[in-house]
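Structure first, then comments.
In what follows, chains are A, B, ... by sequence order, proteins preceding strands, each numbered from 1. The basis for the numbers below is simple: all heavy atoms, side chains too, and nothing from hydrogens, waters or symmetry mates.
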Amino acid sequence: MIDLQLLRHSPDVVRASQRARGDDESVVDQVLDLDSRRRAAQTEFEQLRAEQKQVGKQVAQASGAQKDAVLARAKELSAQVKAREAEAAALAGELDELLMTIGNVIVDGVPAGGEEDYVVLKTVGTPQDLVAELGRDPRDHLELGEGLGAIDTERGAKVSGARFYYLTGIGARLELALLNAAMDTAIAHGFTPMITPTLVKPEVMRGTGFLGKHSDEVYHLPTDDLYLVGTSEVALAGYHEGEIVDLSNGPLRYAGWSACYRREAGSYGKDTRGIIRVHQFHKVEMFVYTTPEDAEAEHARLLAAEEEMLAKVELPYRVIDTAAGDLGSSAARKYDCEAWLPSQQRYLELTSTSNTTTFQARRLGIRERTENGTRVVATLNGTMATTRWIVAILENHQQPDGSVRVPEALRPYLGGLEVLAPASP
RNA sequence: GGAGACGUCGCAUAGUCAGGUCUAGUGCGCGGCCCUGCUAAGGCCGUGAGGGGGGCAACCUCCUCCGUGGGUUCAAAUCCCACCGUCUCCGCCA
């Protein structure tokens, strides 16, 4: 949720942000109108309420005929107060709902436009000439994974349906190794390791901005009214819900390990082969609470940590600055790291780090104490590693015989294993 | 799953049975000032959150919040209902 004060005092800033996102600008004026009506209704209610409290006290003291008169007046006021209160509450609800439809105000410098309008900030490493090296077209991750006895999508589909899979044998070990390495990297950067709930209450899901435009991406359990998280970001943001946090010793940094669930409702027919786009995967996610002033600098730190992890697994990648129209509703800026995918001759998103400024924290009521009272903090998140990384690791490090070289940084997590060899027939 | 107890301002607790002087008291903690040669001890004052209105501002004023949401009532921390959570005991499953 954006800051109503900001919208009141600088509506043009919000309008410009809406324009860059390709969203409706007119909601700004609708909000301003609703807001002034709400305040008028509230003032009216409060004045009546104050009078009601005064008269109410007289009821207790009066007696006889006087009491009857006062009581009559009190009853009259009670009815009026109820009506005005309902009116003010209805307007407040309407205002809140409308305010929720507005995406976070983008940071200056975010490219305008849609999905295709990202800006490449840098490219690191060069894709190997695998055709020359292998003497054939590179195998894709599924062919490699099946050859290694590492990935089983057929049985995943048999047991759970499309977009489910088993990681088997060395595949399971590889994921554990990758995520442990990711967690250790995060710890080295000062993050506190966390294993988080994957089912959360509606208020937390809503507070983190996942029940807006893309709510059909989220699994819901109606019997218990709980949501399955698509990232531990949700649980890590909810961790300090309603709290006044202490940032005097620097930002609060958490690294969450969790399963992630996504319905992939809008992606029928896209990335259907293998484990690129699946309903369930695992992820180590960084999450930070910091001051609004420090948010942009912290965003750069998150990106640097992600790049360090990509370097550890020796993948060629590029960093893009996502365009405004492709940002989630809570992000004010988002950088993605995309690794080269040899089988498809394209880049594939492996990490995503968002600066959500005060958007999530405002909705979740997360503040810090300052000399002049309290204020809403800023939150940020970023991917350390996910199951999907296996795709890029297998493909980029494949060898002519279908084996896969293990990046050096992962070897300690695999008992020193240097090569993933195909299962013997 | 069953029975019981409980949820009050950072922490602890009073208030709930008997609805209105609760504008939620007290202690601890925290902050400021004072006293004392130093220390120990003591005294005084202040100290939750959100929002509306006024003021350049320090500040003033009003409303809301006693786990959450409903209800009863002129009036709810207090009575009623539902839910959530914590604790104790029992049962069941690991």
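Whole-Å rounding puts the A:Q54 CD to B:C63 C1' distance at 13 Å. As rounded to whole Å, 15 Å separates atom P of B:G67 from atom NZ of A:K201. Atom CD in A:E85 sits roughly 12 Å away from atom C1' in B:C65 (whole-Å rounding). When rounded to the nearest whole Å, the span between CD of A:E243 and P of B:C11 equals 11 Å. As a whole-Å value, the separation of A:D3 CG from B:G51 P is 9 Å. The CZ atom of A:R49 sits 14 Å away from the C1' atom of B:U23 (whole-angstrom rounding). Between the CG atom of A:D225 and the C1' atom of B:A82 there is a distance of 15 Å, rounded to whole Å. Atom P of nucleotide B:U47 and atom CD1 of A:I244 are separated by 16 Å, given to the nearest angstrom.
Pairing of B:G1, defined by two Watson-Crick or G-U wobble distances under 3.5 Å, is identified with B:C90. When both pairing distances are held under 3.5 Å, B:U68 makes a Watson-Crick or G-U pair with B:A82. Remark: B:C22 base-pairs with no nucleotide in the shown strands. Criterion, Watson-Crick or G-U wobble with two distances under 3.5 Å. In this structure, B:C38 makes no Watson-Crick or G-U wobble pair, since no nucleotide meets both defining distances under 3.5 angstrom. A 3.5 Å limit on both hydrogen-bonding distances identifies B:G43 as the Watson-Crick or G-U partner of B:C33. Across all strands shown, the partner of B:C28 is B:G10, judged by Watson-Crick or G-U wobble contacts whose two distances both fall under 3.5 Å.
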Worksheet entry | Trace of the side-chain hydrogen bond (donor to acceptor under 3.5 Å, both in side chains) decision for A:T357 with A:N355 | CA-CA 5 Å; A:T357 63; A:N355 178 1; 5.1 Å; no
Discussion item. Quick one, A:Q344 with A:E395, criterion side-chain hydrogen bond (donor to acceptor under 3.5 Å, both in side chains). Give me CA distance, side-chain angles, the key distance, then yes/no.
Written reply: CA-CA 10 Å; A:Q344 297 186 20; A:E395 292 199 9; over 6 Å; no
So which protein nitrogen or oxygen atoms get under 3.5 Å of nucleotides 53-62 of chain B's nitrogens or oxygens?
{"from": "B:G53", "atom 1": "OP1", "to": "A:R39", "atom 2": "NH1", "distance (Å)": "3.1"}

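Between A:Y239 and A:Y254, the ring planes lie perpendicular to each other; the angle is over 60°, past the 30° to 60° tilted range.
Counting non-hydrogen atoms under 4.0 angstrom, A:R38 reaches the backbone sugars and phosphates but no base. At a threshold of 4.0 angstrom between heavy atoms, the contacts of A:R367 are confined to the sugar-phosphate backbone, with no base atom among them.
Looking at the side chain of A:V59, the nearest of the listed nucleotides B:C63, B:C74, B:A49 is B:C74. Nearest nucleotide to the A:K82 side chain, out of B:C63, B:G50, B:A75: B:A75.
Inter-residue side-chain proximity for A:Q280 and A:F164 is flagged as met; some heavy-atom pair is nearer than 4.5 Å.
Applying the 4.0 Å criterion to OP1 and OP2 of B:A49, one finds that A:R369 has a side-chain N or O inside that range.
A ring-centre distance under 6.0 Å is found for A:H299 and A:Y335. Between A:F287 and A:Y289, the ring center distance clears the sub-6.0 Å criterion.
No donor-acceptor pair closer than 3.5 Å links the side chain of A:S258 to the backbone N or O of A:C260.
With sequence neighbours excluded, the residues that form a side-chain contact (heavy atoms from CB on, under 4.5 Å) with A:A88 are A:A41.
Between A:Q42 and A:Q52, the residue anchored nearer the 5' end of RNA chain B, judged by the nucleotide with its closest heavy atom, is A:Q42. Sequence order on RNA chain B of the closest nucleotides to A:Q5 and A:A74 puts A:Q5 first from the 5' end.
When the C1' atom is used for both B:C6 and B:C45, the distance is 36 Å, rounded to whole Å. When the P atom is compared between B:G29 and B:A40, the two are found 14 Å apart, to the nearest whole Å. Look at the C1' atom in both B:G46 and B:G37: the space between them is 30 Å, to the nearest Å.
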